[in-house]
Amino acid sequence: MSGPAKTAALIPAAGLGTRLGQGPKAFLDLNGLTLLARSVTALAPHVDEVVVALPQGYALPENIRARAITGGATRQASVLALLRVTDAEVVLIHDAARPFLPPEVIAGVRRAAAETGAATAALSVADTLVRGQSQASPPLWGELTLREGLWAVQTPQGFRRELLLAAHLEAERDGIQATDDAGLVARLGLPVALVPGDARLFKVTTPGDLILARALAHLWDAEDAS
Ligand code: CTP
Ligand code: MG
């Protein structure tokens, strides 16, 4: 009989926050807690260890209980570096830029990753989607994509570590750069389960997102306290 698989939460937090323009996003404050602190606190109860990839020259604040390494030049390089420093059998990859992480999403991704080998949180698309014709400014309405069956991919994403490591090494060999990990597994023809995510799991990317995140932090923290 083997015990439950050792599980690690791996948090890429080594980005520079260029689109937001306020330095690395992981260290920005939302109602008294940084984005990074929020992700670590949400994941820690569900896993055996938490490892964070930080930008070069940054240290983990003392109040954050995790292990830290220096990330790479791209998100993909940061995740690969994280995969190399854990011996966990199962890994949950979660962007520090998504600070509001409901426990049921973590549980759902873990469960689906154990069953399928790979799983991601994702939201069924509600908006009409259209490709902008980019020659014009503002762009014109181009090709329409039917939203039926479309999902917006979020994190956390869960994998058997060996599987994700193999997918990263294949991508590196093929010169593929992706913005998430599930896509690297899917391109090998392997199944990835789509687990219901949450609208509050949005990625803080632009100044408008930071305004939303600061407003939501008050509601989120009040609910936590009640
Ligand atoms: N990330 C990382 N290492 C990198 C680039 C990104 O660990 N070299 C992380 C970010 O810290 C973030 C997640 O990957 O948690 C998603 O990236 P993104 O939202 O693009 O963040 P940034 O790269 O920091 O932002 P920007 O692209 O605007 O510079
Ligand atoms: Mg980026």
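Just so it is clear, the structure is predicted and the values come from calculations on it, not from any experiment. First listed ligand is number 1; within each ligand, the first listed atom is number 1.
For the pair Arg161 (side chain) and Ala88 (backbone), a donor-acceptor distance under 3.5 Å is present.
Closest protein heavy atom to atom 6 (C) of ligand 1: Gly15 CA, 3.5 Å. Taking atom 26 (P) of ligand 1 as the reference point, the nearest protein heavy-atom neighbour is Thr18 N, 3.5 Å. In this structure, the protein non-hydrogen atom closest to atom 21 (O) of ligand 1 is Lys25 NZ, 3.2 Å. With hydrogens left out, the protein atom closest to atom 14 (O) of ligand 1 is Arg75 CG, 3.4 Å, a heavy atom. Here the protein heavy atom with the shortest distance to atom 22 (P) of ligand 1 is Gly17 N, 3.8 Å. Scanning the protein for heavy atoms near atom 20 (O) of ligand 1, the closest one is Arg19 NH2, 2.9 Å. Annotation: atom 13 (C) of ligand 1 to nearest protein heavy atom, Asp95 OD1, 3.4 Å. Of all protein heavy atoms, the one lying nearest to atom 15 (O) of ligand 1 is Pro12 O, 2.8 Å.
Salt-bridge annotation for Glu49 and Arg67: present, with a side-chain N of the basic residue lying under 4.0 Å from a carboxylate O of the acidic one. Residues Lys6 and Asp87 are paired through a salt bridge, judged by an N-O separation under 4.0 Å between the basic side chain and the carboxylate. Salt bridge present: Asp174 and Arg187 bring a charged side-chain N and a carboxylate O closer than 4.0 Å.
Distances below 4.0 Å separate heavy atoms of Ala73 from the following atoms of ligand 1: 8 (N). Remark: ligand 1 atoms within the under-4.0 Å shell around heavy atoms of Ala13 are 7 (O), 11 (O).
Every heavy atom of Ala53 sits 4.0 Å or more from the atoms of ligand 1. For Ala26, the closest heavy-atom approach to ligand 1 does not fall below 4.0 Å. Residue Thr74 places a heavy atom less than 4.0 Å from ligand 1.
When non-hydrogen atoms are compared, ligand 1 lies under 4.0 Å from the backbone of Ala14 as well as from its side chain. Only the side chain of Lys203 comes within 4.0 Å of ligand 1, counting heavy atoms alone; its backbone N, CA, C and O stay farther away.
At least one N or O atom of Ser78 sits closer than 3.5 Å to an N or O atom of ligand 1. Looking at Leu20 next to ligand 1, no N or O pair under 3.5 Å apart turns up. Here's the thing with Leu16: one of its N/O atoms is less than 3.5 angstrom from an N/O atom of ligand 1.
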Worksheet item: Checking side-chain contact (heavy atoms from CB on, under 4.5 Å) for the pair Leu60/Leu36: CA distance, chi angles, key distance, verdict?
Response: CA-CA 9 Å; Leu60 206 59; Leu36 181 58; 3.8 Å; yes
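The aromatic rings of Phe100 and Phe202 sit tilted, their planes meeting at an angle between 30° and 60°.
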Side-chain donor-acceptor distances from residues 118-139 under 3.5 Å, at least two apart:
from: Thr120; atom 1: OG1; to: Gln154; atom 2: O; distance (Å): 3.0
from: Thr120; atom 1: OG1; to: Gln157; atom 2: NE2; distance (Å): 3.0

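Other residues, nucleotides and ligands contribute only 12 or fewer heavy atoms inside 6.0 Å of the CZ atom of Arg111.
Test Leu80, Val79, Thr155, Asp181 against Pro12 for side chain to side chain contact (heavy atoms under 4.5 Å, CB included) and you get one pass: Val79.
Side-chain N/O atoms of Ser39 and Arg98 include no donor and acceptor closer than 3.5 Å.
In terms of heavy atoms, Ala42 sits closest to Ile106 at O-CD1, 3.5 Å.
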